[in-house]
Asks: 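Below you will find the structure I want to go over with you.
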Amino acid sequence: MTSVALAVTDGMLHFELGLACEVFGSAPDAVRVPWYDLALCGPKAVRVGPFRLEPDHGFDRLSRADTVIVPGWADVDREPPADLVDAVRAAHEAGARVASLCTGAFVLAAAGLLDGRRATTHWAHTRVLAARHPRVRVDPDVLYVDDGGVLTSAGKAAAMDLCLHLVRLDHGSSVANTVARNLVVPPHRDGGQAQFVSTPVPAPDHHPLAGLLPWAIERLDRPLTVEDLARRAGMSSRHLGRHFRSVTGTTPLQWLLTQRIRHAQELLETTDAGVDAIAAATGMGTATTLRRHFNRTVGVPPDAYRRTFRARTGPAPADASREGTTPGTAAAGTMEAWQQRATATPPTRN
């Protein structure tokens with residue numbers, strides 16, 4: 001069981017703290033893997049937003065955790081407490097994976113963990129972080145940054161994206177998607193996605209691509225083109241591209257590739273189908289094409305991804321790997337799940 005320690009002290013933001021507790025505190029009923037051992041760590045009873053919180057352990061527990069999470073720091077004009085900074089630094093030196101949510105990046109920067117690293121925080125405070133800590137390579141335009149053992153997220157909803165990213169790293173895409181569905185949030189937004197988009201987010205079923213996206217996801221095994229999508233949507237390819245940019249933040253072809261890679265990840269996790277069969281089921285055509293795109297996007301070849309995932313979670317479930325199962329059947333899920341995946345993107349190297 002992986003241990004997660006939340007570092008809490010006076011002046012933390014309750015939203016980020018609460019969502020971290022929600023993600024790592026208990027697994028949904030549908031998840032059948034050992035979940036996290038969550039500990040709240042602080043020096044004493046603390047005030048978090050309007051709430052009074054009683055930590056379970058002192059800061060010394062941080063150095064014994066596998067993952068340490070620092071929620072948002074409310075007052076970025078004030079230096080974080082020295083005992084918190086020292087404890088976070090000690091945990092990193094002890095080998096813990098350390099992640100900050102929103103302005104928790106100021107704590108990591110004060111501890112020196114972000115020196116020479118790429119990092120982010122809430123877009124409203126990126127300039128302050130860069131000015132106060134010039135050795136940090138602040139990226140103001142992304143949702144989160146995974147720089148190996150040190151991770152940082154932008155504000156509010158982006159903190160959920162980073163938490164789900166951690167679940168995906170530990171348990172795979174299928175489990176992370178189940179957690180996301182239980183929380184009624186998108187399964188995954190790529191860390192490189194922009195923090196701030198001027199176009200309002202459309203309601204799930206009230207945008208020009210509402211019918212097209214699930215239609216395309218149901219046909220990932222086919223060699224769909226931009227022209228095919230435009231014809232189905234009843235618009236020109238140029239207008240289709242504009243709508244894709246507005247709704248998904250990317251181009252039609254990149255969105256299709258994203259969905260094919262995501263589907264390949266799920267099949268690698270939940271079935272014993274060979275790479276050739278998965279290439280056909282995801283519309284990649286050949287195993288060579290699948291390996292090239294998968295390696296470029298995820299960072300490892302499909303076979304290595306499957307071995308790593310199985311090493312963490314064990315073999316595929318019997319109903320997903322039995323002889324005669326069509327690749328994709330066990331992983332596909334309901335139409336609701338497919339629709340929820342429509343604007344999701346796979347994890348990439350940062």
Side-chain angles (χ1 to χ4, degrees), residues 168 172-178 180-181 186-188 190 209-235 237 240-241 243-244 247-248 250-306 309-310 316-348:
R168 185 171 289 102
S173 298
S174 182
V175 170
N177 289 347
T178 299
R181 284 194 294 272
H188 187 76
D190 177 37
L209 305 182
L212 178 64
L213 300 184
W215 178 87
I217 287 176
E218 287 184 325
R219 293 161 176 80
L220 291 177
D221 58 330
R222 304 180 188 181
L224 296 175
T225 65
V226 174
E227 289 72 23
D228 293 330
L229 297 177
R231 188 179 307 112
R232 175 70 184 182
M235 62 182 71
S237 297
L240 180 74
H243 286 306
F244 258 90
V247 173
T248 72
T250 189
T251 65
L253 285 179
Q254 183 58 50
W255 180 86
L256 274 173
L257 177 61
T258 289
Q259 304 310 312
R260 297 188 198 282
I261 296 296
R262 169 64 64 202
H263 191 27
Q265 287 180 297
E266 292 182 354
L267 294 176
L268 289 165
E269 295 171 12
T270 60
T271 78
D272 288 328
V275 175
D276 287 300
I278 292 176
T282 57
M284 291 291 190
T286 68
T288 299
T289 301
L290 173 60
R291 287 190 176 97
R292 182 174 69 252
H293 287 295
F294 196 96
N295 196 15
R296 181 184 302 162
T297 303
V298 182
V300 295
D303 296 322
Y305 180 87
R306 171 175 274 165
F309 179 81
R310 295 287 171 83
D319 61 345
S321 60
R322 66 181 182 272
E323 185 176 358
T325 298
T326 301
T329 302
T334 64
M335 174 58 71
E336 179 185 359
W338 282 117
Q339 290 174 333
Q340 195 173 25
R341 282 182 48 202
T343 56
T345 49
T348 58

Asks: CG of D221 to CZ of R260: how many Å apart, nearest 0.5 Å?
Replies: 8.5 Å
Asks: List in chain and number order the residues that pass salt bridge (Lys or Arg N to Asp or Glu O under 4.0 Å) with D303, two or more places apart in sequence or in another chain; answer none if no residue qualifies.
Replies: R291
Asks: So, for D276 and A287, which heavy atoms are closest and what is the spacing to 0.1 Å?
Replies: OD1-CB, 3.3 Å
Asks: Is there a side-chain contact (heavy atoms from CB on, under 4.5 Å) between L257 and L253? Walk through the geometry before answering.
Replies: CA-CA 6 Å; L257 177 61; L253 285 179; over 6 Å; no
Asks: What's the shortest heavy-atom distance between R262 and R168, and which atoms?
Replies: NH1-NE, 3.6 Å
Asks: Closest approach of A273 and I278, non-hydrogen atoms and distance?
Replies: O-CD1, 3.6 Å
Asks: Locate the shortest heavy-atom distance separating A216 from L224; write the atom from each residue and the value.
Replies: O-CD1, 3.9 Å
Asks: Could you walk me through whether L209 and L240 pass the side-chain contact (heavy atoms from CB on, under 4.5 Å) check?
Replies: CA-CA 9 Å; L209 305 182; L240 180 74; 4.0 Å; yes
Asks: side-chain contact (heavy atoms from CB on, under 4.5 Å) for F244 and L212? Distances and angles first, verdict last.
Replies: CA-CA 11 Å; F244 258 90; L212 178 64; 4.0 Å; yes
Asks: Only pairs at least two apart or in different chains count here, so list each ring-ring contact (aromatic ring centres under 6.0 Å, His included) that has a residue in residues 278-299.
Replies: F294-Y305
Asks: Under the side chain to side chain contact (heavy atoms under 4.5 Å, CB included) test, which residues partner A280, sequence neighbours left out?
Replies: none
Asks: I'd like to check the salt bridge (Lys or Arg N to Asp or Glu O under 4.0 Å) partners of D228; sequence neighbours left out, ordered by chain and number.
Replies: R231
Asks: Can a donor-acceptor pair be found, under 3.5 Å and without considering hydrogens, that links the side chain of Q265 to the backbone of S173?
Replies: no
Asks: Where is the tightest heavy-atom contact between H263 and T282, given as atom of each residue plus distance?
Replies: CD2-CG2, 3.8 Å
Asks: Ignoring hydrogens, what is the shortest heavy-atom contact between L220 and Q259? Give both atom names and the distance.
Replies: CD1-O, 3.7 Å
Asks: Roughly how far, to the nearest 0.5 Å, is CZ of R306 from CG of L267?
Replies: 8.5 Å
Asks: Residues in side-chain hydrogen bond (donor to acceptor under 3.5 Å, both in side chains) with T286, at least two apart?
Replies: T289
